[in-house]
Amino acid sequence: MDKKYQKLTITLPENLLKEFKEFCEKNGINLSSRIAILIKEDLEKKNPLKK
C-alpha cells in the first residue's frame, strides 16, 4: 500500500533552518524524512503503548 503524503508549511528562524539544512546535506539525510522521524519519535515517547 502506498503512503499518502501531505505538504506542510512551517515557520522557523532563518538561522535554525539554514543550520538544519546544512546538517541534513552533510549527513546525506532528506530534510522531510528527518522531520518525519523526529515527529514519530516524539509521538512514541508520548504514547509508549501505541506503535
Side-chain angles (χ1 to χ4, degrees):
M1 182 164 69
D2 291 333
K3 288 184 179 180
K4 291 185 180 183
Y5 291 88
Q6 185 169 348
K7 186 175 181 174
L8 172 67
T9 302
I10 61 172
T11 304
L12 298 171
E14 285 181 18
N15 60 336
L16 178 64
L17 179 56
K18 180 182 177 198
E19 188 176 346
F20 192 61
K21 280 183 178 181
E22 289 172 359
F23 167 82
C24 288
E25 288 172 7
K26 287 178 185 174
N27 290 284
I29 302 168
N30 176 282
L31 182 70
S32 294
S33 297
R34 182 62 186 143
I35 292 170
I37 289 168
L38 293 170
I39 291 170
K40 277 182 160 181
E41 288 175 354
D42 280 350
L43 291 173
E44 288 172 0
K45 287 177 192 171
K46 278 289 204 183
N47 303 305
L49 300 177
K50 197 175 188 180
K51 287 190 177 182

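Residues take their numbers from the sequence shown, with the count starting at 1.
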Sequence neighbours left out, what passes side chain to side chain contact (heavy atoms under 4.5 Å, CB included) with Lys21? Give chain and number order. Leu17, Leu31
Ile37, Phe20: one ILVMFWY side-chain cluster at the under-4.5 Å cut-off? no
In terms of hydrophobic clustering (I, L, V, M, F, W, Y; side-chain heavy atoms under 4.5 Å; direct or indirect links), are Leu43 and Leu38 co-clustered? yes
Are there more than 12 heavy atoms of other residues, nucleotides or ligands under 6.0 Å from atom CD of Glu22? yes
How long is the span from the CG atom in Leu16 to the NZ atom in Lys18, to the nearest 0.5 Å? 12.5 Å
Find the distance between CD1 (Ile10) and CD1 (Ile35) and round it off to the nearest 0.5 Å. 5.0 Å
